[in-house]
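Sequence lines set the chain letters: A, B, ... in the order given, protein chains first and strands last, and positions in each chain run from 1.
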Amino acid sequence: MKEQEIIQPRVLKGFRDSLPAVQIPKEAIITTLQRHFASYGFVPIDTPALEYMEILLGKGGGETDKQIFHFTDQGGREVALRFDLTVPFARYLAQHEHELALPFKRYHIDKVWRGENPQKGRYREFTQCDFDIVGVDNAESDAEILSLMASSFAKMNVDHARFHVAHRGMFNTLLCNLGVENLSVDILRLVDKLRKIGETETEEQLLALVQDERTARAILSYISKEDEHEPFLTTLDRLVTLLGGENEHTLRMRTIYSYLEAEGIEDRFLFDPSITRGLDYYTGIVYETFLEGSEHIGSVCSGGRYNDLASLYTKTHLPGVGSSIGLDRLLAALEDEYDYRAADVLILNTDEDRYTEAIKVAKRLREAGLKVALSFEPKKLASQYKWAEANAIPRAIILDQDEEGSFTLRDLTTRTNMVMSIGEAAALLKRNCLD
RNA sequence: GUGGAAGUAGUUCAAAGGUAGAGCCCCAGAUUGUGGAUCUGGUUGUUGCGGGUUCGAGCCCCGUCUUCCACCCCA
């Protein structure tokens with residue numbers, strides 16, 4: 001026997017394996033979101049991971065183009081992995097516009113790829129949860145996306161999420177008033193960094209860009225907030241004054257806010273005029289979501305209104321608004337805050353002759369809706385308890401009673417035993433099982 | 001893609017060019033009346049990987065991979 005050359009097991013930079021302790025809560029969250037999106041009348045779709053290169057290029061801006069994984073396939077086609085779910089969705093809309101009834105509300109949860117340098121909460125392969133409404137441009141659809149964002153985080157039991165909202169149109173009004181709308185892309189990019197580099201530095205860079213002190217200060221006073229927690233309407237009123245009066249955009253924001261009030265969720269939202277979003281395709285409302293205490297991870301749910309996205313692929317006007325939850329980033333921020341278990345109960349193996357009995361008990365408990373694992377070998381109990389703990393299984397059943405249908409149920413967390421019938425055990429376990 | 005820091009046992013950390021160590025964890029056995037205590041024994045390991053300098057490298061040098069941080073951008 002020759003010694004075999006071992007291939008070094010490894011994964012690519014920015015790509016990760018998921019152990020069950022990570023994958024179980026991740027899939028639980030996905031299931032929760034799928035159900036929740038459906039409760040708003042959103043429907044699922046799917047698109048290919050791989051697209052023609054030309055489909056994905058030429059909308060996000062030069063920087064995102066550089067991050068696209070692309071190659072030539074065996075047939076000589078220039079292809080690329082999707083780097084978000086929104087651009088493929090725009091292509092999908094153009095391709096199927098006659099098969100879809102507008103307004104179209106879809107959700108899409110899947111992996112995307114970007115060739116960025118990885119950091120915590122930033123990977124080259126990650127999962128996005130997108131939800132969008134296409135075919136209407138009004139406050140009602142804007143507000144429904146915001147409502148769905150807030151309620152999704154509530155469903156995921158994340159209560160420290162803060163939603164920062166702004167409006168591209170309002171900001172562009174300011175730039176027009178100041179006569180610097182031709183610099184809008186550069187200014188937007190700079191303004192986005194306010195939270196990171198501070199007011200002084202922002203003002204200096206603004207001055208270098210617009211070459212006028214009065215203009216630079218006007219922009220800065222628009223995007224700065226003295227009180228970070230200033231109520232939404234107070235900020236909006238202040239900005240309306242700075243813009244010289246109401247316009248269609250400010251009135252849109254007021255209507256959206258009134259819908260949030262009607263739902264009683266308005267205090268979850270802040271008007272944050274420094275939010276602009278790097279992507280060029282946003283035209284109206286924009287938003288980012290931060291977790292208090294984990295701001296360094298960045299936004300865990302962002303999006304906005306894009307009224308011209310599908311125009312790359314069709315002449316039909318298809319306005320849209322949507323948002324995307326960054327699931328991997330969210331899980332990175334939550335770290336160990338989530339709970340998981342491989343099963344609700346483990347049936348211990350004390351005697352090989354009783355395995356048939358174990359199978360019958362397992363079947364009955366599974367029919368009652370429980371997750372049940374069986375111990376395959378009659379190892380000593382300490383060893384079986386440890387296996388259960390390693391798999392986060394909180395209870396064990398020992399088939400040790402001679403009298404019919406009665407056995408020991410052990411709580412592994414408190415290490416206490418109770419003797420009961422199978423029906424009693426099923427009821428007790430059912431009350432304590434997750435989901 | 002650019003710049004910086006780090007990488008030693010499953011894990012938390014030592015070893016300032018001279019024989020790779022400690023706690024926790026894990027495994028086997030004894031005893032324990034179906035885990036927690038105690039005792040005995042054991043693996044804790046290609047010091048990320050590959051070269052180089054040296055009598056000798058975990059340590060110095062070069063390259064490379066990965067992670068983390070900053071820039072850039074973003075989920």
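- If you take atom C1' in B/rA20 and the same atom in B/rU31, they sit 35 Å apart, rounded to whole Å.
- Across all strands shown, B/rC72 has no partner, as no Watson-Crick or G-U wobble contact with both distances under 3.5 Å is found.
- Base pairing annotation: B/rA15 forms no Watson-Crick or G-U wobble pair, as no partner gives both donor-acceptor distances under 3.5 Å.
- In this structure, a donor-acceptor pair under 3.5 Å is absent between the side chains of A/Ser311 and A/Asp308.
- If you check every strand for non-hydrogen atoms under 4.0 Å, A/Leu327 touches nothing.
- Nucleotides B/rG45 and B/rA9, compared at atom P, are 9 Å apart to the nearest Å.
- Using a 4.0 Å heavy-atom criterion, one finds that A/Gly14 contacts the sugar-phosphate atoms exclusively.
- With a 3.5 Å ceiling on both atom-pair distances, B/rG33 lacks any Watson-Crick or G-U wobble partner.
- If you check every strand for non-hydrogen atoms under 4.0 Å, A/Asp328 touches nothing.
- Of the listed nucleotides (B/rA75, B/rC26, B/rA70), B/rA70 has the atom at the smallest distance from the side chain of A/Gln119.
- The nearest whole Å value for the distance from the OH atom in A/Tyr282 to the P atom in B/rC73 is 15 Å.
- Comparing A/Pro118 and A/Thr413 by the nucleotide of RNA chain B that holds the closest heavy atom to each, the one mapping nearer the 5' end is A/Thr413.
- A/Glu288 places no side-chain N or O within 3.5 Å of a backbone atom of A/Phe163 that could act as its donor or acceptor partner.
- Rounding to whole angstrom units, CG of residue A/Asp192 and C1' of B/rC73 are separated by 10 Å.
- Between B/rC26 and B/rU11, the distance separating the two C1' atoms is 11 Å to the nearest Å.
- Taking every side-chain heavy atom of A/Ser299 into account, B/rA75 is the closest of B/rC68, B/rA75, B/rC73.
- Residues A/Thr416 and A/Asp411 bring no donor and acceptor atom of their side chains to less than 3.5 Å of each other.
- When each of B/rC68, B/rU34, B/rC26 is scored by its nearest atom to the side-chain atoms of A/Lys386, the top-ranked nucleotide is B/rC26.
- In this structure, the CG atom of A/Leu346 is 14 Å from the C1' atom of B/rG35, given to the nearest Å.
- A/Asp142 and A/Arg305 are joined by a salt bridge, as a carboxylate oxygen and a charged side-chain nitrogen come within less than 4.0 angstrom of each other.
- B/rC73 atom P lies 15 Å from atom CD1 of A/Ile275, rounded to whole Å.
- Residue A/Lys196 places at least one side-chain N or O under 4.0 Å from the OP1 or OP2 atom of B/rC71.
- In this entry the distance linking CD1 of A/Ile398 with P of B/rG35 reads 9 Å, nearest Å.
- Applying the 3.5 Å distance criterion, the base of B/rG35 shares a donor-acceptor pair with the side chain of A/Glu389.
- As a whole-Å value, the separation of A/Glu116 CD from B/rA75 P is 9 Å.
- At a cut-off of 3.5 angstrom, counting only N and O atoms as typed in the model, there is a donor on one side and an acceptor on the other between the side-chain of A/Arg410 and the base of B/rG35.
- Within 4.0 Å of A/Gly115, counting heavy atoms only, lies no atom of the nucleic acid at all.
- Of the candidates B/rA75, B/rU67, B/rG36, the closest approach to any side-chain atom of A/Lys13 belongs to B/rU67.
- The side chain of A/Gln128 sits closest to B/rA75 out of B/rC69, B/rA75, B/rU34.
- Side-chain proximity of A/Arg114 to B/rG35, B/rA70, B/rC74: nearest is B/rC74.
- Side-chain atoms of A/Arg415 lie closest to B/rG35 of the nucleotides B/rG35, B/rA75, B/rC69.
- The residue A/Glu125 sits apart from the nucleic acid: no heavy atom pair falls under 4.0 Å.
- Across all strands shown, B/rC25 remains unpaired; no Watson-Crick or G-U wobble contact has both distances below 3.5 Å.
- Residue A/Lys193 places its side chain closer to B/rC72 than to any other of B/rA75, B/rU67, B/rC72.
- With a cut-off of 3.5 Å on both Watson-Crick or G-U wobble distances, the partner of B/rU43 is given as none.
- One atom, CG of A/Leu190, and another, C1' of B/rC72, lie 14 Å apart when rounded to the nearest Å.
- Among B/rC65, B/rC74, B/rU34, the nucleotide with an atom closest to any side-chain atom of A/Arg329 is B/rC74.
- At whole-Å resolution of the value, CG in A/Asn117 and C1' in B/rG1 are 7 Å apart.
- As the counterpart of B/rA6, B/rU66 is assigned, both hydrogen-bonding distances of the Watson-Crick or G-U wobble pattern falling under 3.5 Å.
- Judged by the 6.0 Å distance and 45° axis criteria, A/Arg114 is not positioned over the aromatic ring of A/Phe126.
- Comparing B/rU8 with B/rU47, their P atoms sit 11 Å apart, to the nearest whole Å.
- With respect to A/Lys430 and A/Asp344, no salt bridge is recorded, no charged nitrogen being found less than 4.0 Å from a carboxylate O.
- In this structure, A/Phe37 has its ring center closer than 6.0 angstrom to the ring center of A/Phe131.
- Nucleotides B/rA22 and B/rU34 have their P atoms positioned 35 Å apart, rounded to a whole Å.
- Here B/rC72 is the nucleotide among B/rC72, B/rG35, B/rU34 with the atom lying nearest to any side-chain atom of A/Arg122.
- In summary, the side chains of A/Tyr40 and A/Ser147 do present a donor paired with an acceptor at a separation below 3.5 Å, with no hydrogens or angles considered.
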